[in-house]
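One structure is given here, and the rest of the page talks about it.
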There are 2 protein chains.
Amino acid sequence: MREERRATWARWGTPEQAKPLPEAVAGLLKQVFDVTPPGPATALDAVSAPAPALAEAALAALVAVVGAEHVGTEAAERALHASGKSTPDLFHQRTGELPELPAAVVAPADHEQVLAVLAVCAEHRLAVVPFGGGTSVVGGLAPEAVGYLTLDLRRLDRLVAVDPVSRTAVLQAGLPAPRADELLAEHGFTLGHVPQSYEYATIGGFAATRSSGQASAGYGRFDDMVVGLTVATPRGTISTGRAPASSAGPDLRRLFLGSEGAFGVITDVTVRVRPLAAERHYEGWRFESFADGVAAARRLAQDGPRPTVLRLSDEVETMLGAAGRGRGDGGCLLVVGHEGASVEHAVAQTAAVLRECGGQELGEEPGEQWAAHRFDAPYLRDALLDAGAFAETLETAAFWSALPGLYDAVREALFAALPVPSMVLCHVSHVYETGASLYFTVVTAYGDEPVARWQRAKAAANDAIIAAGGTISHHHGVGTEHRDWFAKEIGRLGVDVLRAVKRELDPARVLNPGILVP
Amino acid sequence: MREERRATWARWGTPEQAKPLPEAVAGLLKQVFDVTPPGPATALDAVSAPAPALAEAALAALVAVVGAEHVGTEAAERALHASGKSTPDLFHQRTGELPELPAAVVAPADHEQVLAVLAVCAEHRLAVVPFGGGTSVVGGLAPEAVGYLTLDLRRLDRLVAVDPVSRTAVLQAGLPAPRADELLAEHGFTLGHVPQSYEYATIGGFAATRSSGQASAGYGRFDDMVVGLTVATPRGTISTGRAPASSAGPDLRRLFLGSEGAFGVITDVTVRVRPLAAERHYEGWRFESFADGVAAARRLAQDGPRPTVLRLSDEVETMLGAAGRGRGDGGCLLVVGHEGASVEHAVAQTAAVLRECGGQELGEEPGEQWAAHRFDAPYLRDALLDAGAFAETLETAAFWSALPGLYDAVREALFAALPVPSMVLCHVSHVYETGASLYFTVVTAYGDEPVARWQRAKAAANDAIIAAGGTISHHHGVGTEHRDWFAKEIGRLGVDVLRAVKRELDPARVLNPGILVP
């Protein structure tokens, strides 16, 4: 087990990176919520787990494939792989009320070993959960199975090939994003894929969940970057992607992008890469209202110039963000970032458009502030939990014309289901020509049964999303938590199609049972 | 039956639009190939066909759904719907050696009637072929079935809705592209989707075959424009697309884009639309060699600015194009087109890049010439066929680094399989960051058995494409002609997945049997 992972028990990141709550926010919490810090979290080494229920023959077969040193069965390692990083996951880790642990954590060395592990699982009817960075916030690591195996992809961590002419790279699935960028940088390239989970998430996870990053306005979503995939299934290998585009039948790449381990294990992806940006320019703009800011963001998304980063906070999120930095002039903050070989023209053109849209220039400071703290949110969540406040997020996307209704509907559903007082923050996190995503953050007091209460509020928000025409997730994925609403979104026949694909590739039904497909 | 369609018997377009061969080309033909004009084509009204083998009960059920006036059974109408517009298709129409005709041509009025027709087909085990513009060049209208029905979508021809805020429009599947643009223009919008088949092809066909247009560098491929689909299947309706992007499972839209009627009948699509371009600028550039031109095209595709149209002819195609216009200064012609609200900056930036890449400015004339004749090729094919020369096309795509090898391999395969003398022309028709497409045109003398000989040459080219790492089709689709190579491209498991989807949605196996999935 990697020591680094050990440190992430019951929280995000490592203790060295922990962020204290800004004093103004801590004060606000105390004042608004009257929170009381809870007791300390259960220590990882105090976790007790029954001995793994793994048949001797299955264990022997797994050891034969990957070697004994790559089959972990001790309680701590199993506990660390039993859940992701949603707030309910952290609560369960803090209280020690863990879900069923995997019987073992198996780490194959390569694609062939992944195939062999899947064959063992199919033969022994042993459920298997692919594990990359372990950052799922939608129950993507919580299979509906009694007795299951975690397939840890950590050893598939190579940059396999770089094609500088085509600007593509083959990356193994277990490669953490920062390491992928480090390896690509040696060739002058970057992925440009920077989601909130960047520090821990892996390439395979990005593909399996159709991840979208903070710079996706400029670099594109991860599913748009992937030009090829290798997938190990219990029935063998599927390799897709011979060209950037094709009319040769349905795009099979898109069937595995977003398949969340239910159809197979993605072992490598071929991605489009971009040259390292020579220039960057981040800045902030103030809009009088969220509606004004949305109109400006839409104008840039539709008519250009398209910035690399475009992110608009609503009034509440702007206020809370500003509270930590001593500002408080109301309105809504729009962060605009440009990266590229030369950004001067785009920066000037963008400024002209934003001025026309009623924006007020705040200069580089708010943009740089945002960039400096772009990975802080999950650390702040830990600080909030430590202080006795419950914080969690959810997100959706819709076409532009549906966005105002969706915004209102989700807020109303959350306020109706949450205790008073609660705070609901929102930002537009990703923009497209035809629509955008909305990312909500909820902060409330623990109260009694915070997890159960959150689950009720989340269910109400999910209902509201589906009713208002939004998608149940724009970048977190389906997992187990969104599964029932995903089924509503794609309808009975849509579910039947996914089931048919799963039946074909996974006849023994061992791949991530209960994830994605009901 | 529409009179317009009647006029397209055994040729492309209508007689009024027929294009004579440029004199220089006609002379070249005579000189190089020593061609002899064949006899006149079989007249449509001379086509005799056995009475349709359609069970009384099935016919009655179809009439009950769509009304007797929308069930065509006369020989001429059936003959017109029995094939597409590949050169072998035209040959068969000219000689009167037709494939099996549909038993009837049924034209439902709306989505509900399409569902009902499919239900009748499933009940009576009657194969059904969706028909839009009838422009397939890959045998997409030639099912492997004894006794089948053509489902003509011509009555689904409405612009259902325009959302100017989201810049989306809902278009019915049977809408021909020019009519779609006419209707959208009333709202200030355009599709920007202009394939060679533009004058006749339909919206549903674009979606079912993953079409790519001449302006796709700027407007994107059709599959990238589609944000939602409604599909009628024998098991009911699938509706997809609630947002421009989502992480809610695999993108089901992509399973129906490119499904060629094998999974269901697309009845409407929601597409991203763009404002009508206020400005346009087309120009020509000369490059010393195809390799130099490819390098320049790649530079624009990867580093920008991205033109709306980017099309590079190789030396032979440049020479033949120039022959018709009295030029002949060697090298390769690159056509660059910009469309948008304001193109000046992009035109200037593009020129700077092309100059750096060794390009020689030819001014607007070659660009405007290309634009004025952008739909001529299929008319010229008719003129060639009339003159006794055989002309046909094929296309592929690959990553940039594979492109030179692919170009050589396809040409070698064609030359080895075709008689001497033959001409092989090529252009890069579409560019992406990571690769491009290659579009080949073959001209040779009729000789004996021109169709059989072409099929052997095409098979050799297809083998070469797969061996050189290209995709079997970049924008023509799979149909029956590419099916065996498509199976090689996606592998056994890929085929099994498509079969599983088809089995689920079409348990009676009536949808376009033999198309796409072997």
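In the text below, chain A, chain B and the rest are named by the order of the sequence lines, each starting its count at 1. Quantities reported herein were computed from a predicted structural model and do not represent experimental measurements.
Interface remark: B:H476 contributes backbone atoms only to the contact with chain A (heavy atom separation under 4.5 Å). Contact of B:T240 with chain A is not made at all, since no heavy-atom distance falls under 4.5 Å. If you measure heavy-atom distances from B:L498 to chain A, the contacts under 4.5 Å come from the side chain alone. Proximity to chain B is limited to the side chain of A:R221, based on heavy atoms less than 4.5 angstrom apart. Proximity to chain B is limited to the side chain of A:E260, based on heavy atoms less than 4.5 angstrom apart. At a 4.5 Å heavy-atom cutoff, B:L406 makes no contact with chain A through either its backbone or its side chain. With a 4.5 Å cut-off on non-hydrogen atoms, A:D496 touches chain B through its backbone and its side chain both. Within the 4.5 angstrom heavy-atom criterion, atoms from both the backbone and the side chain of B:L493 approach chain A. The contact between B:T233 and chain A is made entirely by side chain atoms (from C-beta outward), counting heavy-atom distances below 4.5 Å. Contacts between B:D251 and chain A at a heavy-atom distance below 4.5 Å involve backbone atoms as well as side-chain atoms. Looking at B:A341, there are no atoms closer than 4.5 Å to chain A (heavy atoms on both sides), in backbone or side chain.
Ranked by heavy-atom pairs shorter than 4.5 Å toward chain B, the options A:G236, A:G258, A:P250 are led by A:P250. Comparing B:T471, B:I472, B:L516 by heavy-atom pairs within less than 4.5 Å of chain A, the highest count is held by B:T471. Of the residues considered (A:D224, A:V273, A:D303), A:D303 shows the highest number of contacts with chain B, using heavy-atom pairs under 4.5 Å. Listed options B:S212, B:G241, B:A436, B:G469 were ranked by heavy-atom pairs under 4.5 angstrom with chain A; first place goes to B:G469. Ranked by heavy-atom pairs shorter than 4.5 Å toward chain A, the options B:F399, B:W485, B:F256, B:F263 are led by B:F399.
Ionic pairing of A:E339 and A:R274 is not present here: no N-O contact between side-chain nitrogen and carboxylate oxygen is shorter than 4.0 angstrom.
Proximity of a side-chain donor or acceptor of B:Q302 to a complementary backbone N or O of B:E433 within less than 3.5 Å is detected. The backbone N or O of A:A262 lies less than 3.5 Å from a partner atom in the side chain of A:K502, making a donor-acceptor pair.
Ring geometry, A:H193 versus A:F206: the interplanar angle exceeds 60°, so the pair is classed perpendicular (tilted spans 30 to 60°).
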